[in-house]
Student: 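One structure, as structure tokens, below. Some questions next.
Values below: every heavy atom of this structure, side chains too, minus hydrogens, waters and symmetry copies.
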Amino acid sequence: FTRPTRAVSTTFLYNPMLPLLRISIVVVSLFIGGCASTKISIPSFGVLPCNGTAGCAWDDIFLVHERYDHVMGCTVISPDPYGGPGLAPDPRYVALVKRAAAANLPVVGIMDPYSIEPFNLTLVLETIDKYYSFYPGLAGIFLYTFDNICEEIPIRYQIIWDHIHTRQKDPIVVINLGPLATECFMNVSTIILTYQYEIDNYMTYSPAPWMKNYPPERFWNTIANVPESKLETVVERAKELGVGHVFVTSYDMFDNYQHLPAYFDKEAQMVSN
């Protein structure tokens, strides 16, 4: 995900001298203990909640989720244009989280621990607490980071993992590590995002050998700039790679996942098959 360009957000209680802690909300389906099927996971943090007008992307997401037997996995939304939970709960997103929970579409909050330099563990844990306080029904946390070193760094995530478990039983913990993901993070996550680029490199992308030791629901890929003529090929490629969460879009990475592709319903049908 692209980091916001604004230096300070007025929706934060943190020290204004600190860089912005980028946060959004993500919706994630529960796979742990379930069957190993492929789901659509959308990082669409630029899509606002519906306000009753026609053509709302969230209405399409819920419709597809119901039509294709709970095909939806993750969907990212942002309460503040620059990220963040705000000074108080946003009623629009409170209602959206409630609606998602009723539809068996669990919601988790996404944050970038390195937006505050240096990595401020105290503020990270406080932000996690805010999410659970502001948005009842939250199902876990998404950590946007590219840490891949199996030395001291995973200790931080173990603390975060343990803290999340004090707030919720069996939470979903997603970590964005990219294609250089290392196996040590599997112990502090339930889902790892391993590919988030355009189609050019995806057909030759090869997961690390150790990933074959885990079920598909532990991995997530997003592939951008895919024309409809190549949609089926990319979806099948994701399944061949053993990926349980996938999102294919016709937009490029600069769209920041603000829109659903015109072929979204068709994609859902392919993924559900």
Side-chain angles (χ1 to χ4, degrees), residues 1 26-47 50 55-77 100 103-108 142 172 174 176 178-179 190-207 211-212 214-273:
F1 311 118
V26 182
V27 177
V28 183
S29 71
L30 290 170
F31 283 104
I32 308 305
C35 60
S37 58
T38 304
K39 300 284 185 177
I40 295 179
S41 294
I42 310 175
S44 53
F45 55 83
V47 180
C50 299
C56 175
W58 269 104
D59 284 339
D60 292 338
I61 290 170
F62 281 104
L63 179 63
V64 161
H65 184 58
E66 180 179 0
R67 177 181 296 164
Y68 297 106
D69 192 23
H70 293 167
V71 70
M72 292 305 308
C74 303
T75 303
V76 184
I77 56 180
N104 194 26
L105 194 60
V107 178
V108 306
F142 184 120
I172 299 169
V174 185
N176 181 7
T190 53
I191 302 169
I192 288 182
L193 197 156
T194 58
Y195 188 93
Q196 186 196 354
Y197 303 101
E198 298 192 350
I199 186 176
D200 295 346
N201 298 321
Y202 194 62
M203 305 313 294
T204 57
Y205 162 69
S206 296
M211 294 182 186
K212 297 180 180 179
Y214 297 88
E217 58 264 30
R218 300 296 305 275
F219 304 105
W220 176 18
N221 289 175
T222 66
I223 308 95
N225 204 22
V226 179
E228 185 172 356
S229 61
K230 294 184 179 180
L231 173 62
E232 184 173 6
T233 300
V234 173
V235 170
E236 290 304 315
R237 175 63 175 166
K239 293 181 178 182
E240 291 173 0
L241 294 175
V243 175
H245 297 261
V246 63
F247 178 57
V248 183
T249 179
S250 57
Y251 293 92
D252 59 28
M253 297 297 294
F254 294 101
D255 182 66
N256 285 339
Y257 305 105
Q258 296 182 72
H259 305 90
L260 297 178
Y263 52 61
F264 182 58
D265 187 270
K266 182 177 180 181
E267 176 179 346
Q269 184 177 11
M270 290 181 179
V271 170
S272 65
N273 290 336

Student: I need the minimum non-hydrogen distance between M72 and K39, along with the two atoms involved.
Tutor: O-CD, 4.1 Å
Student: When you check the side-chain N and O atoms of Y68 and D265, is any donor under 3.5 Å from an acceptor?
Tutor: yes
Student: Return the minimal non-hydrogen interatomic distance between P261 and F247, and the atom names on each side.
Tutor: CD-CZ, 3.9 Å
Student: Can you name the closest pair of heavy atoms from V248 and E267 and give their distance?
Tutor: O-OE1, 2.5 Å
Student: Of all the heavy-atom pairs spanning A103 and H65, show the shortest one and how long it is.
Tutor: O-NE2, 3.2 Å
Student: Nearest 0.5 angstrom please: N225 CG to D200 CG, how far?
Tutor: 7.0 Å
Student: Output the distance between atom OH (Y197) and atom CD1 (I223), rounded to the nearest 0.5 Å.
Tutor: 12.5 Å
Student: Given 3.5 Å as the limit, does a donor-acceptor pair link the side chain of D252 with the main chain of D255, or not?
Tutor: yes
Student: Could you pull out the closest heavy-atom pair between F264 and I61, with the gap in Å?
Tutor: CE2-CA, 4.2 Å
Student: Should we count NZ of K230 as having more than 12 external heavy atoms under 6.0 Å?
Tutor: no
Student: Give the C-alpha distance, both sets of side-chain angles, the deciding distance and a yes or no for side-chain contact (heavy atoms from CB on, under 4.5 Å) between Q196 and W220.
Tutor: CA-CA 9 Å; Q196 186 196 354; W220 176 18; over 6 Å; no
Student: Rounded to the nearest 0.5 Å, what's the gap from NE2 on H259 to CD1 on I42? Could you check?
Tutor: 13.0 Å
Student: Nearest 0.5 angstrom please: Q269 CD to L231 CG, how far?
Tutor: 10.5 Å
Student: Kindly compute the distance separating CD1 (I191) from CD (E217), expressed to the nearest 0.5 Å.
Tutor: 9.0 Å
Student: To check you understand the geometry: which heavy-atom pair defines the closest contact between S41 and T222, and what is its length?
Tutor: O-CG2, 4.4 Å
Student: Is E236 reaching over with its side chain to a backbone N or O of T233, donor-acceptor style, under 3.5 angstrom?
Tutor: no
Student: Can N221 and Y202 be counted as having a side-chain donor-acceptor contact under 3.5 angstrom?
Tutor: yes
